[in-house]
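Just so it is clear: chains get the letters A, B, ... in the order the sequence lines come, proteins before strands, and each one is counted from 1. Predicted model only: the values in this text are computed from it and were never measured.
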Amino acid sequence: MQDKTSKGGFLMVIEFRELTKEEESIFKESLDYWLTDTTLIENFKFIIGEGNWKEVFVATDEVIESLSKYSQITPYSTGLGIGEIKEGKFLLSLSGGSFISKYTNKKVVVNKEAEQLFLYKRNILGKSIHKIHESIEEKDKFLVFSKNNDYLGIGQLLVDKSLLTKLEFSEKNVIKNIIDLGWYLRKGK
Amino acid sequence: MTSYIGCVGMDTRETKDLAEKYGYLHETIERYVQIFGLKETTALLKGYEKKPKKSIRVNELKILKDELVERMLNKGFIFENVEWYNNGLIIEKAPFSLGSTTEYLSGYYFIQSIASWIPTLVLDPKPREIVVDLAAAPGGKATHIAQLMRNTGLLYCLDISRERIKSLRSNLARCGVLNSVCIRMDARKFSNYDIKVDKILLDAPCSGEGLMAIDASRRKSRNFEDIKRMSELQKELFSTGIKSLKKDGILIYSTCSTSPEENEEVIDWGLANFPIKIENITLNDFSPGLTAAFDKQYNPDLKKAKRLYPHRDNTEGFFVCKIKLLKEVS
Ligand SMILES: C[S@@+](CC[C@H](N)C(=O)[O-])C[C@H]1O[C@@H](n2cnc3c(N)ncnc32)[C@H](O)[C@@H]1O
């Protein structure tokens with residue numbers, strides 16, 4: 001979800017533009033799920049970068065102004081890519097998770113051992129969950145945090161929440177690693 | 001052929017011995033001796049035998065220094081402060097790799113040499129300005145610029161390399177930068193857009209002569225031809241930078257090279273061709289730029305530029321110069 005700009009070794013041109021009405025409603029609907037405080041949306045400006053993918057970027061006013069003023073420039077990226085719009089859905093990216101991390105309660109806190117493993121792409125065992133927000137249900141996505149309150153990545157609950165406290169799930173994968181900050185080392189170098 | 005070889009008064013045996021002892025090309029040592037003299041060259045070569053200590057810059061867009069220091073101390077890291085930059089920390093002890101901590105991945109710091117803080121600090125970018133980083137990848141200085149701009153305004157980040165621009169994007173994202181426009185292009189063409197900006201960083205592609213400690217393979221792989229080629233590219237990039245500045249705009253020129261052709265000569269050429277002047281750098285007591293090298297005299301104002309050396313400053317070899325544009329040029 002992070003680097004969508006090169007395909008088969010060729011760099012494609014990304015066109016930056018405003019969100020259409022439809023894209024805006026998809027985006028807002030998704031943020032309704034994620035955000036406890038939607039002032040975040042009002043305080044920032046978002047644009048679409050469309051190449052082979054439709055990526056949503058958050059950027060400053062000056063960045064957005066410059067894109068329309070100097071339309072002959074074809075940027076590689078602008079501001080911060082926070083996710084992509086695909087098949088009528090907005091999919092939050094790794095940096096998108098970081099961007100919203102202070103404004104969401106879709107959070108699971110994991111213990112120290114799981115923190116390290118999660119950063120190496122691993123899933124999370126039942127016994128490693130320290131806290132899970134009550135609003136989270138099976139198949140939901142959420143942000144994974146360390147006990148230090150550091151955002152670590154995005155996870156998805158694989159089982160019914162009521163089973164999490166059961167002994168037989170303590171050694172089973174209950175949270176799927178969708179993406180984690182280790183990406184910056186594995187792919188982002 | 002190079003014009004300096006066989007210079008009067010040079011003891012070839014001594015330079016050959018040094019080249020052999022420290023594993024450099026003989027022509028490189030001869031050049032050093034002509035620039036710095038034998039004693040200083042020997043000190044420089046000894047300096048390059050020791051890798052500089054690692055250092056980090058706290059990314060205030062994500063965390064404050066005190067909190068980061070406390071967390072890293074708890075993990076067993078030991079730091080030393082830097083007198084002239086509050087958000088910089090020198091690593092005295094690292095129990096494990098600095099590049100794999102949760103704090104690093106969270107973008108709380110950037111692993112960066114202390115010399116490479118200087119161009120950005122001297123550039124002194126302010127919130128809401130328009131700034132260009134003409135050679136930005138992998139983004140050490142670009143993320144620092146964004147930090148000083150408090151993530152506002154507009155920061156154009158240019159780089160020609162397909163591979164390196166990916167790292168640039170990744171680093172900007174890791175550090176939470178919102179104000180960048182990254183463009184993969186030959187920065188020599190940037191002035192064609194006719195965009196006039198407040199400040200420009202030209203952390204120029206260079207021979208990397210100053211990195212002999214960090215990458216010893218450079219000692220034999222870089223020769224005078226590389227330096228000459230780089231010098232031409234640097235002048236073209238400098239010219240683009242000047243043409244893209246507003247009146248009174250500031251351009252910082254820096255390299256991790258100690259060769260005069262890549263530094264003073266570029267600025268001297270700029271002074272002869274554009275309405276610019278060199279401004280003082282007051283950051284710290286670093287060595288002045290050269291006003292003469294080999295058979296050339298440079299503009300006397302070049303002493304206002306700064307040079308850093310491993311044996312004097314415990315850094316890589318580095319050059320930085322602050323330029324002000326007096327009248328817009330096209
Ligand atoms: C010294 S490095 C820049 C380091 C960067 N400022 C940082 O602090 O992380 C020089 C960069 O210039 C880029 N470069 C070389 N020639 C260029 C050109 N003509 N236009 C734009 N970038 C160029 C290289 O790809 C390289 O990434």
Where do B:Val181 and A:Ser66 land on the side-chain contact (heavy atoms from CB on, under 4.5 Å) test, with the steps shown first? CA-CA 9 Å; B:Val181 171; A:Ser66 79; 4.1 Å; yes
Short side-chain donor-acceptor distance under 3.5 Å, [Y] and [X]:
X        : Y        : answer
A:Ser98  : B:Lys62  : yes
B:Tyr108 : A:Asp150 : yes
B:Thr102 : A:Glu115 : yes

Apply side-chain contact (heavy atoms from CB on, under 4.5 Å) to the pair A:Ile73 and B:Ile183, showing each step before the final yes or no. CA-CA 8 Å; A:Ile73 294 182; B:Ile183 314 169; 3.4 Å; yes
Residue part contacting chain B, namely of [X], when any heavy atom lies under 4.5 Å:
X        : value
A:Asp180 : neither
A:Tyr151 : backbone
A:Ile64  : neither
A:Thr74  : backbone
A:Phe16  : neither

Would A:Val63 and B:Ser180 count as a side-chain contact (heavy atoms from CB on, under 4.5 Å) here? Give the steps. CA-CA 7 Å; A:Val63 164; B:Ser180 68; over 6 Å; no
Partner chain B: residue of A:Glu62, A:Lys187, A:Gln116 with the largest heavy-atom pair count (under 4.5 Å): A:Glu62
Using the side-chain contact (heavy atoms from CB on, under 4.5 Å) rule, take B:Tyr104 and A:Leu185 through it: C-alpha gap first, then chi angles, then the decisive distance, then the call. CA-CA 10 Å; B:Tyr104 171 79; A:Leu185 285 183; 4.0 Å; yes
Chain A contact via [X] - which portion, at a heavy-atom distance below 4.5 Å:
X        : result
B:Leu158 : neither
B:Thr152 : backbone
B:Arg164 : neither

With a 6.0 Å cut-off (strictly less than), is the heavy-atom count around [atom1] of [X], excluding the residue itself, greater than 12?
X        : atom1 : result
A:Gln72  : CD    : yes
A:Glu29  : CD    : no
B:Tyr193 : OH    : yes
B:Lys196 : NZ    : yes
A:Glu168 : CD    : yes
A:Glu24  : CD    : yes
A:Glu22  : CD    : no
B:Lys51  : NZ    : no

Might you point out which heavy atoms bring B:Arg169 and A:Gly81 nearest each other, and give the distance in Å? NH2-CA, 4.0 Å
Could you give the distance from SG (B:Cys157) to OH (A:Tyr76), rounded to the nearest 0.5 Å? 12.5 Å
Kindly compute the distance separating OG (B:Ser100) from CG (A:Leu119), expressed to the nearest 0.5 Å. 9.5 Å
Is any side-chain heavy atom of B:Cys182 less than 4.5 Å from a side-chain heavy atom of A:Thr78? no
Taking the side chain as every heavy atom from C-beta outward, state whether A:Tyr184 and B:Asn171 have any atom pair closer than 4.5 Å. no
So, the side chain of A:Thr60 versus the backbone of B:Gly153: is there a donor-acceptor pair under 3.5 Å, distance only? yes
Electrostatic pair A:Glu65:B:Arg128 at N-O distance under 4.0 angstrom: no
